[in-house]
Amino acid sequence: MKWNTFVAALGLFAPTSALLRFGCARLTVQRLDPLVNPGMIPSTHLHQIIGGNSFNVSMDPKTHDLPTLSTCTSCQFTEDFSNYWTAVLFFRARNGSFKRVPQRAQSGMEGTQGGMVVYYMSDALFDTAQKSKVTAFKPGFRMLVGEVNYRNREQARDFRQLTYTCMENEGTRAPESLDFPKKPCPVGIMANHRFPTCWDGVNLDSPNHRDHVAYPETGTFESGGNCPSTHPVKIPQLLLETVWDTKAFNNKADWPEDGSQPFVWSSGDKTGYSTHADYVFGWKDDSLQRAMDGHTYVSAPMLKTQSIAQQNKCTVPDMVKENIDDWLPKLPGDVVVV
Ligand SMILES: *[C@@H]1O[C@H](CO)[C@@H](O)[C@H](O)[C@H]1NC(C)=O
Ligand SMILES: *[C@@H]1O[C@H](CO)[C@@H](O)[C@H](O)[C@H]1NC(C)=O
């Protein structure tokens, strides 16, 4: 069953029966990246970040215990103090000025300020049984998917399933493209970040933050491919969905005269192929493993939840203090579009 058919069958996200799906409000939007640029303030490009409020300029895995240091999370499940982040989408006007594109809450999560929807799955999204055994991430685990310097389709193929969906309506989940949609998307552009699902079972991180995880040997996570012998441990499929609310920028008269699309990542990419996302695990105790072992679907009675109003209240101070919201002559950090 295709995801859009599946959404229709469910009555668009009606909670049913161990797939976790939950909303997280924005924790902060600023130029920090404790994974790739630890200690750098500001980091190279702007990120939008969700999760626990222990997020900081540096998060040394040896000393920074997210569940202990956080006092709140912007996610619905209150035991999840992880941090998740992606680049930020900007609109580039004909005069060359940039405007940050807002993020929108998905259906059923109205009122959530910014943020993303997070999934942890033991089997493909459409498989309501979710019966495969997966090993939850361990404290100190982090990973990155995508490559900020990529600019073409051949490169982008290194990462399976980093995609965009041009949303015609709230329920649109297909087709997905590897580059930015070429036409205006009435409801917005959904960026989908699916992380690899096989782990070497030893390293919590690696120098490029990618080599300790891998894709299945054949096929995809969705098709049930086995993990390679180098990375034998099946971990949950982590998926982040961000809806970029492009509605204010859909007038073709404001688009480039050569007919190309006007959106760029904060990292300076106008193709979309550099899409990337970062994850720093921070679930409290064994809460994630317990949830993944629960074989429930969307709802997770074993986990504690909070209201959207409480999620919205969890933020971190602006440590960089730069203007990101006006029409800007340059991208934050003077990042050049190439
Ligand atoms: C970030 O780290 C600095 C230096 O260790 C610390 O003073 C500050 O309280 C931290 N901020 C947050 C939000 O935890
Ligand atoms: C550039 O264009 C945008 C969109 O039309 C407009 O809002 C902005 O004021 C313009 N900036 C300059 C410097 O002309």
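Order of appearance sets the numbers: ligands from 1, and atoms from 1 within every ligand. These numbers were taken from a predicted model, which means no experiment stands behind them.
- For the 3.5 Å distance criterion, the side chains of E241 and Q106 qualify, holding a donor opposite an acceptor.
- Under a hydrophobic clustering in which Ile, Leu, Val, Met, Phe, Trp and Tyr are joined whenever their side-chain heavy atoms come within less than 4.5 Å, directly or via other members, F141 and F55 fall into different clusters.
- Sorted by chain then number, the residues whose non-hydrogen atoms approach ligand 2 to under 4.0 Å are A93, N95, S97, W327.
- Between the side chains of N83 and Y279, not a single donor N or O lies within less than 3.5 Å of an accepting N or O.
- Classified by interplanar angle (parallel below 30°, tilted 30° to 60°, perpendicular above 60°), the ring pair F249/F91 is parallel.
- The pair D123-K131 does not meet the salt-bridge criterion, since no charged nitrogen lies less than 4.0 angstrom from a carboxylate oxygen.
- The aromatic rings of W283 and F77 sit tilted, their planes meeting at an angle between 30° and 60°.
- A disulfide (SG to SG under 2.5 Å) check over residues 95-189, counting only residues at least two apart or in different chains, returns the pairs C166-C185.
- Listed by number with element, the atoms of ligand 1 under 4.0 angstrom from any heavy atom of N56 are 1 (C), 2 (O), 3 (C), 8 (C), 10 (C), 11 (N), 12 (C), 14 (O).
- At a heavy-atom distance under 4.0 Å, no atom of V316 approaches ligand 1.
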